[in-house]
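Here, residue 1 is the first one in the sequence, and each next residue gets the next number.
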Amino acid sequence: MKGFRRQLARAVGVWLGCVIGVGVLAIPFAVWAKEIAFVAREAEDQQAVWLPREIVIHRITDFTEPLVFRFENPTKRTHVFEAPALFESIEEGGVQITRPLRITIPPEGIEQTMIDRDRMASDAIAAEGEMVTYRFYCPLHRADADMGGRIVVGQ
């Protein structure tokens with residue numbers, strides 16, 4: 001009976017070790033990118049807004065990993081997320097390029113893109129310690145009462 005208990009204790013120890021080991025190994029893969037989510041919402045009178053309306057990105061902490069924007073459109077209309085002064089980094093024809101951020105999200109769709117952090121960092125350096133603000137909006141619904149939102153990059 002003693003031998004059985006020892007084997008059971010050893011098996012439980014090995015199982016716990018495996019669970020902890022796999023968890024520790026999985027952490028770097030789960031935290032490989034900073035993801036910021038935006039959601040399109042319908043407002044009164046067939047108008048639409050992107051939420052949240054303001055995002056604050058801290059250069060010191062949020063630029064340590066890739067920056068991914070995720071866009072959700074649970075509505076029945078197509079929406080566009082546009083931030084002309086902000087650049088996304090995409091692969092096109094086997095080459096990595098940057099271009100102004102403009103993403104079309106179909107009804108009930110989800111899209112995501114990688115933001116060009118180098119460009120954001122150079123904007124922040126050029127601002128000499130001041131906060132940098134990027135405006136965003138849906139160009140399809142610019143006549144809406146919504147004035148869009150902003151992404152603020154600070155120290």
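- Contact between P74 and R41 at its shortest, heavy atoms only, is CG-NH1, 3.3 Å.
- Contact check for D116 versus L86: no side-chain heavy atoms found under the 4.5 Å cut-off.
- Shown are F136, F81, Y137; of these, the ring-ring contact (aromatic ring centres under 6.0 Å, His included) with W50 is made only by F81.
- The shortest non-hydrogen separation linking P100 to P84 is CB-O, 3.7 Å.
- Note that CZ of R135 and OG1 of T133 are 8.0 Å apart. Values are rounded to the nearest 0.5 Å.
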Between I90 and I97, is the side-chain contact (heavy atoms from CB on, under 4.5 Å) condition met? List the steps.
CA-CA 6 Å; I90 62 165; I97 65 166; 3.7 Å; yes
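- The closest side-chain heavy-atom distance from Q112 to E35 is below 4.5 Å.
- Between H79 and E42 there is a side-chain heavy-atom pair separated by less than 4.5 Å.
- Counting heavy atoms of neighbouring residues, nucleotides and ligands inside a 6.0 Å radius, atom CD of E130 does not exceed 12 of them.
- The minimum heavy-atom distance between Q96 and E91, with the atom names listed, is OE1-CB, 3.8 Å.
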What verdict does the side-chain contact (heavy atoms from CB on, under 4.5 Å) test give for M114 and E88, after you've listed the backbone C-alpha separation in whole Å, the side-chain angles of each residue and the deciding distance to 0.1 Å?
CA-CA 6 Å; M114 184 89 59; E88 65 178 324; over 6 Å; no
Can you check side-chain contact (heavy atoms from CB on, under 4.5 Å) on L140 and T78, steps first, answer last?
CA-CA 8 Å; L140 300 179; T78 296; 4.2 Å; yes
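- The OG1 atom of T104 sits 5.5 Å away from the CZ atom of R102 when rounded to the nearest 0.5 Å.
- Looking only at side-chain heavy atoms (C-beta outward), R150 and R53 stay at 4.5 Å or farther from each other.
- In this structure, R117 CZ and T64 OG1 are separated by 7.5 Å, a value rounded to the nearest 0.5 Å.
- Hydrophobic cluster membership is shared by I55 and V153, with clusters built from Ile, Leu, Val, Met, Phe, Trp and Tyr side chains linked at under 4.5 angstrom.
- Interatomic distance, R59 CZ to D123 CG, rounded to the nearest 0.5 Å: 10.5 Å.
- When all heavy atoms of P139 and E82 are compared, the pair lying nearest together is CG-OE1, 3.0 Å.
- Looking at heavy atoms from C-beta onward, F69 lies in side-chain contact with I151 at the 4.5 angstrom threshold.
- Atoms CZ and OG, from F87 and S122 in turn, are 9.5 Å apart once rounded to the nearest 0.5 Å.
- Counting heavy atoms from C-beta on, the side chains of I110 and N73 never come closer than 4.5 Å.
- Using a 4.5 Å heavy-atom threshold, the side chains of Y134 and L101 count as separate.
- Cluster annotation: I105 is connected to I36 through the hydrophobic network of ILVMFWY side chains, with a link wherever side-chain heavy atoms come within less than 4.5 Å.
- Residues R119 and T98 form a side-chain contact, since some pair of their non-hydrogen atoms from C-beta on lies under 4.5 Å apart.
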